[in-house]
Novice: 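One structure follows; several queries about it will come next.
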Amino acid sequence: KYPLEAPYLVQSISDRSSVAHAIASVSALEDYLNIYAPSSALKIRQIMLDLSAIRSHLYHFYWEVLPDFLNMGHFAEFNPKETWFYFGQFQKEEDVGDLDLETGVKIMKSFPEAAYTIDLLQKSIALFGGKFPIIMNQIPGGVSNFKISRNLIMKIIRNLESCKHFIESIWAED
């Protein structure tokens with residue numbers, strides 16, 4: 001394969017860490033080609049990486065780890081259609097390692113806001129010119145398909161302000 005195909009190919013490995021894969025592959029190419037990205041491109045990459053890391057942690061906590069600690073009893077007071085949306089047809093019986101009922105139900109009540117926050121973080125990453133989950137704008141020497149503007153920055157700030165309370169308070173407590 002041609003070396004410049006690497007950023008595209010490694011982003012296809014996983015949608016959970018495509019930003020990290022893109023940045024790693026572009027950085028490796030820059031080192032190989034002796035290309036130096038300007039500080040503005042490095043800052044944009046860092047912002048995208050930070051947003052991606054928060055999004056990934058939220059997703060992993062609520063959708064990949066938490067179901068292992070829930071059982072059918074935790075879903076009793078919820079509409080079955082709502083819980084199916086999050087976990088499919090959840091049929092696990094109570095297990096020794098499960099969360100107590102009160103804690104499990106409390107955390108489950110955070111799911112709609114967790115989904116909303118993940119959506120805002122994805123949209124914020126995409127505003128940088130990415131096509132989330134595949135970040136197509138990482139190129140050696142900078143960032144393509146991206147034009148910074150006041151409106152763009154304000155939109156990203158509004159998105160982050162909208163999910164700030166959830167990230168700082170609810171997710172931290174869950």
Side-chain angles (χ1 to χ4, degrees), residues 10-25 27 42-138 143 146 151-174:
V10 298
Q11 292 175 73
S12 303
I13 294 171
S14 168
D15 71 338
R16 304 286 190 269
S17 56
S18 60
V19 174
H21 286 139
I23 291 172
S25 64
S27 296
L42 297 176
K43 288 176 185 174
I44 291 167
R45 290 178 188 177
Q46 188 61 51
I47 292 169
M48 292 176 71
L49 186 61
D50 292 344
L51 293 174
S52 174
I54 295 168
R55 181 219 162 268
S56 179
H57 281 75
L58 284 169
Y59 182 86
H60 281 89
F61 175 75
Y62 286 101
W63 275 267
E64 293 187 3
V65 174
L66 185 63
D68 292 340
F69 298 95
L70 299 175
N71 58 57
M72 291 188 320
H74 292 109
F75 293 86
E77 72 175 66
F78 295 94
N79 177 337
K81 289 181 182 178
E82 290 173 354
T83 58
W84 186 88
F85 173 75
Y86 296 119
F87 296 114
Q89 295 177 336
F90 198 89
Q91 299 293 325
K92 182 180 157 210
E93 296 293 331
E94 189 171 350
D95 190 18
V96 176
D98 289 346
L99 293 169
D100 65 82
L101 186 61
E102 182 182 340
T103 303
V105 169
K106 179 183 169 294
I107 292 173
M108 285 189 58
K109 289 181 180 179
S110 304
F111 270 70
E113 198 168 356
Y116 174 75
T117 301
I118 288 171
D119 181 56
L120 279 179
L121 292 169
Q122 287 177 339
K123 288 177 180 175
S124 297
I125 293 168
L127 287 171
F128 282 107
K131 299 174 184 173
F132 196 86
I134 306 299
I135 308 303
M136 300 300 293
N137 65 348
Q138 300 294 316
V143 180
F146 176 75
N151 288 342
L152 174 77
I153 298 301
M154 293 308 295
K155 176 67 175 167
I156 292 168
I157 289 171
R158 281 192 297 276
N159 285 354
L160 296 177
E161 285 295 326
S162 295
C163 58
K164 181 179 179 178
H165 176 264
F166 178 80
I167 291 170
E168 289 180 344
S169 301
I170 298 170
W171 175 39
E173 186 177 319
D174 285 353

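Just so it is clear, the model here is predicted, and its values are computed rather than measured.
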Novice: First locate atom CD1 of I54, then atom CG of L160, and finally report the distance between them rounded to the nearest 0.5 Å.
Specialist: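 Rounded to the nearest 0.5 Å, the CD1-CG separation comes out at 7.5 Å.
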Novice: Quick one: does I118's side chain get under 4.5 Å of W63's, heavy atoms only?
Specialist: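 They are in side-chain contact.
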Novice: Using 0.5 Å steps for rounding, measure from the CG atom of D95 to the CG atom of L70.
Specialist: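 Result: 11.5 Å between the selected atoms.
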Novice: Test C163 against every option in L58, D119, T117 by the side-chain contact (heavy atoms from CB on, under 4.5 Å) rule and name the one that passes.
Specialist: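 Option passing the side-chain contact (heavy atoms from CB on, under 4.5 Å) with C163: T117.
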Novice: Tell me whether S162 contacts the main-chain N or O of R158 through its side chain, where contact means a donor paired with an acceptor under 3.5 Å.
Specialist: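 Yes; at least one donor-acceptor contact below 3.5 Å.
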Novice: Using side chain to side chain donor-acceptor pair (under 3.5 Å), reason through D100 and T103 one step at a time and then give a plain yes or no.
Specialist: CA-CA 6 Å; D100 65 82; T103 303; 2.8 Å; yes
Novice: Going by heavy atoms in the side chains, are N151 and K155 under 4.5 Å from each other?
Specialist: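 Answer no - side chains too far apart.
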Novice: State the CD1-CG distance between I156 and L121, to the nearest 0.5 angstrom.
Specialist: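 Going from CD1 on I156 over to CG on L121, the span is 11.0 Å.
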Novice: Roughly how far, to the nearest 0.5 Å, is CG of L120 from CD of Q122?
Specialist: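 One gets 9.5 Å once the value is rounded to the nearest 0.5 Å.
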Novice: What's the separation between atom CH2 in W171 and atom OH in Y62, rounded to the nearest 0.5 Å?
Specialist: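 OH of Y62 is found 8.5 Å from CH2 of W171.
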Novice: If we only count heavy atoms from C-beta on, is the S52 to M48 side-chain gap below 4.5 Å?
Specialist: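 The answer is no, as the side chains (C-beta and beyond) never meet within the 4.5 Å cut-off.
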Novice: Rounded to the nearest 0.5 Å, how far does CD of E102 lie from NE2 of H74?
Specialist: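 The distance works out to 10.5 Å.
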Novice: What closest approach, in Å, do I170 and S110 show between heavy atoms, and which atom pair accounts for it?
Specialist: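 The answer is CG2-OG, 3.3 Å.
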Novice: How would you list, by chain and number, every residue that makes a side-chain hydrogen bond (donor to acceptor under 3.5 Å, both in side chains) with S27, sequence neighbours excluded?
Specialist: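 Residues passing side-chain hydrogen bond (donor to acceptor under 3.5 Å, both in side chains) with S27: none at all.
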Novice: In sequence, state the C-alpha distance, the side-chain angles, and the governing distance for K106 and E173, and then conclude on side-chain contact (heavy atoms from CB on, under 4.5 Å).
Specialist: CA-CA 10 Å; K106 179 183 169 294; E173 186 177 319; 2.7 Å; yes
Novice: Are the side chain of S169 and the backbone of F166 linked by a donor-acceptor contact shorter than 3.5 Å?
Specialist: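 No, S169 side chain to F166 backbone: no donor-acceptor pair under 3.5 Å.
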Novice: So which heavy atom on A172 is nearest to which on E168, and how close?
Specialist: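 For A172 versus E168, the nearest heavy atoms are CB-O, 3.5 Å.
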Novice: Run through V19, N159, I125 and flag the one making a side-chain contact (heavy atoms from CB on, under 4.5 Å) with L51.
Specialist: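 When V19, N159, I125 are each tested with L51, the side-chain contact (heavy atoms from CB on, under 4.5 Å) holds only for I125.
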